[in-house]
Protein chains: 2
Amino acid sequence: MHDVQQSEECVPTEGRRERKLREAKAATQRAGLELCLEHGYGAVTVEMIADRAGISPRTFYNYFSSREAALLGDGKPRPDEAMIATFIERDDVSDVEAFAVMMAEAWAKSEPDKALFRLRRRVIDSAPELAAVNIGRIAEDRADYAAIVARRLAARYPDLTDAERELEGTLTVAIAMGAIQAVAKEWMRGDDDQTGPLKALVHDLFPRVRRLTQAAPAS
Amino acid sequence: MHDVQQSEECVPTEGRRERKLREAKAATQRAGLELCLEHGYGAVTVEMIADRAGISPRTFYNYFSSREAALLGDGKPRPDEAMIATFIERDDVSDVEAFAVMMAEAWAKSEPDKALFRLRRRVIDSAPELAAVNIGRIAEDRADYAAIVARRLAARYPDLTDAERELEGTLTVAIAMGAIQAVAKEWMRGDDDQTGPLKALVHDLFPRVRRLTQAAPAS
DNA sequence: GTGCAAACTTGCAGATCGTGTAAAAATGCA
DNA sequence: TGCATTTTTACACGATCTGCAAGTTTGCAC
């Protein structure tokens with residue numbers, strides 16, 4: 001009943017079949033992104049993408065739930081329990097920064113294919129409508145993220161009411177996501193490994209955040 | 001050649017025609033929102049909305065550029081020059097708070113019909129997909145907003161480079177929009193005039209913003 | 001009122017998106 | 001090789017949204 005014969009890698013379950021499927025999906029994404037760079041996002045149809053990827057339009061929808069999902073990626077960043085535990089406990093940085101750093105790591109981890117990642121970034125930057133869809137998709141998970149932050153807040157500020165925790169969780173997520181978005185463009189300029197630079201960029205950003213939220217700094 | 005016979009109101013140009021059109025649009029929006037509350041966002045088609053509004057589906061698309069635009073409102077908040085000037089000069093609050101307050105006012109001003117406003121809020125809260133679209137739509141204008149903030153930053157921090165101004169403008173907008181979004185739900189609970197309470201809510205929020213971005217506040 | 005010109009509404013055809021369904025093809029395995 | 005399972009594909013369909021060419025209403029001058 002249970003898997004045997006797994007002497008190969010640490011990845012538990014990936015046979016010929018799974019690998020082919022994964023590669024076909026990646027090829028489809030690449031095809032879609034390339035077409036966007038060539039003709040512009042608005043001029044790219046599912047039929048064109050399927051054509052270039054060598055699959056039927058119907059199969060395209062077996063792979064991805066929508067045209068946008070193929071371009072932006074179906075999966076969204078989801079920190080695992082270990083990352084969450086670290087986030088909840090660390091106290092060397094502010095709540096917002098701690099969350100921003102965790103999300104930056106989760107984001108990088110959720111997309112192992114860096115070339116695809118960069119390609120996607122370029123397309124998003126060149127298509128404002130697509131950028132809007134992207135932000136909307138990410139925003140769908142804000143409630144979940146806020147719940148994670150609420151766990152940290154509950155541990156650190158026991159006096160907060162439930163309503164306050166919810167509000168501050170939402171607020172923390174909004175600020176952190178905004179900060180990540182603000183440096184995302186800069187981040188993609190880096191040529192080497194991306195996790196390091198992003199963490200550093202986020203960290204460098206926070207003195208600015210504090211200044212911008214501090215009352216009457218000038219004069 | 002120029003308008004005469006304008007003894008009525010201060011609104012300069014609105015004849016029978018304009019008024020009828022405006023009312024038909026508002027009726028269409030109301031019809032769409034009501035249907036969403038009755039049957040759920042996903043089950044509402046353009047045909048249903050047009051039916052209830054007493055117009056043809058084709059006319060629906062003459063009024064609104066998309067189904068979402070009808071539900072969420074075609075127009076987006078756009079502060080006028082006077083508001084911008086005030087925003088740039090005021091120094092009793094932080095950059096982010098000043099911008100958040102201006103946007104809150106512009107938002108309230110962009111939608112004079114408060115009943116419609118509340119109705120829309122209820123629908124958005126009840127339909128996560130629609131909320132995502134809404135956030136995406138608002139995000140489309142972030143670049144414009146960031147440019148406005150950059151004008152204030154240029155006046156207050158002359159030493160910033162262009163790149164820094166752009167980054168901090170983007171960041172300010174992201175934080176402020178997040179803050180507004182975080183209190184939007186609370187805001188709609190108020191029964192009376194909305195501008196006052198929103199400004200107050202935003203103001204009350206900022207001590208929390210500072211605490212959440214301050215490093216290691218607890219032990 | 002009458003008639004005209006402009007603006008508005010409508011129906012229709014068409015392109016595209018996205019889904020259900022069932023047949024066809026590929027795949028894994030004994 | 002043959003069979004069972006999965007995957008791909010074709011087809012039909014409802015929905016969104018757009019151009020276009022009517023038809024209808026409106027404002028206005030006479």
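Naming convention: chains lettered A, B, ... in sequence-line order (proteins, then strands); numbering from 1 in each chain.
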Would you mind reading off the distance between [X] atom [atom1] and [N] atom [atom2], rounded to a whole angstrom?
| X | N | atom1 | atom2 | answer |
| --- | --- | --- | --- | --- |
| B/E18 | D/dT26 | CD | P | 13 Å |
| A/I55 | D/dT6 | CD1 | P | 21 Å |
| B/F60 | C/dT9 | CZ | C1' | 15 Å |
| A/R19 | C/dG28 | CZ | P | 10 Å |
| B/N62 | D/dT18 | CG | P | 10 Å |
| B/F64 | C/dT9 | CZ | C1' | 15 Å |
| B/E23 | D/dT26 | CD | C1' | 16 Å |
| A/E47 | C/dG14 | CD | C1' | 14 Å |

Crowded around B/E140 CD? As in, over 12 foreign heavy atoms under 6.0 Å?
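Counting neighbours around CD of B/E140, more than 12 heavy atoms of other residues, nucleotides or ligands fall under 6.0 Å, so yes.
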Tell me whether the count of non-hydrogen atoms from other residues, nucleotides or ligands lying under 6.0 Å of CZ in B/R122 goes above 12.
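No, CZ of B/R122 has 12 or fewer neighbouring heavy atoms, counting only those of other groups under 6.0 Å.
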Pair of N/O donor and acceptor under 3.5 Å linking C/dG18 base with A/R58 side chain
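When only heavy-atom distances are counted, A/R58 does not reach the base of C/dG18 through any donor-acceptor pair under 3.5 Å.
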Step-by-step side chain to side chain contact (heavy atoms under 4.5 Å, CB included) determination, A/L37 to A/L119:
CA-CA 9 Å; A/L37 288 181; A/L119 192 53; 3.6 Å; yes
Looking at [N], I'd like to know if its phosphate oxygens (OP1 or OP2) sit under 4.0 Å from a side-chain N or O belonging to [X].
| X | N | answer |
| --- | --- | --- |
| B/S56 | C/dT10 | yes |
| B/Y61 | D/dC17 | yes |
| A/R67 | C/dC17 | yes |
| B/Y63 | C/dC8 | no |

Cation-pi geometry met for B/R152 and B/F99 (6.0 Å, 45°):
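Here B/R152 fails the 6.0 Å and 45° test against B/F99.
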As a test of reading the structure: which of C/dC17, D/dT8, D/dT16 is closest to the side chain of A/T45, going by heavy atoms?
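The nucleotide sitting nearest to the side chain is C/dC17.
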Quick one: on DNA chain D, does B/K20 or B/V44 contact a more 5' nucleotide (nearest heavy atom)?
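In this pair, the answer is B/V44.
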Between A/T172 and A/E168, is there a donor-acceptor pair closer than 3.5 Å when you use the side chain of the first and the backbone of the second?
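Pair found, side chain donor or acceptor close to backbone of A/E168.
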